[in-house]
Student: 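Take a look at this one; I'll ask things after.
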Amino acid sequence: MLKVLIVDDSLVIRAKMKGYIKKLGHSVIGEAKDGQDAVLMNKQLSPDLITMDVSMPIMNGLEALKKIMETSNMEETNIIMITANGQDGIVKDALKSGAKGYILKPISEEKLQDSIGKIFPQYCIEDNDFLDENDLNEMLS
Amino acid sequence: MEKKIEVVHTYTKDVLLPIIKRVKSYMETEMKIDIFNVSEIAYPKNIHLKKNTIMLGTSGSIKLIITLGYDDILLNKLVEMFVDGDDVDDYESEEVRNSVACEISNTIIGNAIDNPIDNSDIYITPPVLVSEAKTLYKDKFSKFVFVTFATKYGDVQLTAVGPKEQFEEELDFKEI
C-alpha cells in the first residue's frame, strides 16, 4: 500500500483523487492546496508518492517539484504531475526536473492506475490478473 | 450602402477553434450534455458576463483573457455529473459549484490551447471566479471575441479578450 500526498488547489480534484487512491488500495496521508504546503508536507510526511497539480496559486507545481527535488533523493521521490495543459515544453520540463510521470486532465481512475503502475510495477494490474467468466466456470466445475 | 464586413482569420482555427471544439467535446464526452447549437463568432463592443463566470489568462507569446460563463441550471447539472461518487460532503455546496466551474474551465482551456505564432509554450493562470455578473466594455486597444454554446440546461458563453493588434496582426483576425 502506498502512502500518497495529494497536491491540488481544487477541492473537487482532491476529493476525486482521494476516492481513486482509496479504491486502488492506497492510503492518502495528506492534502496540500498549493506548492508551498506541498514542500513542507513532503518533509513532514515522507510520502511514497505525490500527485501534484501544475497550475496552483502561491507556488505552482513545477516550482514545488524543483524545490522538493533539491532536498530529496531524486530516485526515491515519486511525483506524478497533473495538468490540463499538455504542451510539450511543460511536460518535458516536469520530467526533466524529476517527475516520474504526468496525467493529462480530465483525470480518471484508469489514468492514475496506469501512472502508478509505471512507477511501481508491483501495483501494475495486468489484464491476466483478473479472472474472467470462463475461468470462474472452470474453477467451479 | 451597407458596409461589407469580411472576416479574415487564417490563424483563428489554430487558436480559437480548438477551444470552441473542446468546449463542445468536453460537454458531450465528459459530461454527457449535448450542445445543440454553437453561435457564429461575434465581435461585440461590450459583453455582459454570466453570474457564474470563470476567468483565465494566458501568458507567453499569446496574451488573452478567456472567460467561460455558465447558466445556473447548466452549472448544477455539471456539478452533479462531475462529483458523481466523490465525497464532497464536508464542503459547502457553493464552494463545490465554484470549484467545479473552475476545474472544467481550466481543463477545457488547458487541453485546447495552442500556439500558432512561434510554438513556444503558453502558460495559463489558475482560474478565478467572477462572482457577480459584470459588463466588460471594449477599449479602442482591445478586441472581444464571443461564442455561445446552447444546451438543454442553458448556455455556455465563451469570451476571449486581447490586445487589438494581437488579433489583427499576429492572429490575423481582422475585420475589413
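Since we're looking at a predicted model, the values are computed, not measured. In what follows, chains are A, B, ... by sequence order, proteins preceding strands, each numbered from 1.
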Student: Give a yes or no on whether A:K66 atom NZ has more than 12 heavy-atom contacts from other residues, nucleotides or ligands under 6.0 Å away.
Tutor: yes
Student: Charged N to carboxylate O below 4.0 Å: is that the case for B:K50 and B:D71?
Tutor: yes
Student: Measuring heavy-atom distances to chain B, does A:I90 have an atom under 4.5 Å in its side chain, in its backbone, in both, or in neither?
Tutor: both
Student: Examine whether an atom of B:D87 lies under 4.5 Å from a heavy atom of chain A, and if so say whether it belongs to the side chain, the backbone or both; otherwise answer neither.
Tutor: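 Just the backbone, heavy atoms under 4.5 Å.
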Student: With a 4.5 angstrom heavy-atom cut-off, which part of B:R97 approaches chain A: side chain, backbone, both or neither?
Tutor: neither
Student: Check A:P57 against A:D9 and note the closest heavy-atom contact, atom names and distance.
Tutor: CD-OD2, 3.5 Å
Student: Any idea which of B:V83, B:V88, B:I109, B:I124 has the most non-hydrogen atom pairs under 4.5 angstrom with chain A?
Tutor: B:I124
Student: Between A:N78 and A:D48, is there a side-chain donor-acceptor contact under 3.5 Å, judged purely by atom types and distance?
Tutor: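 There is no such pair between these side chains.
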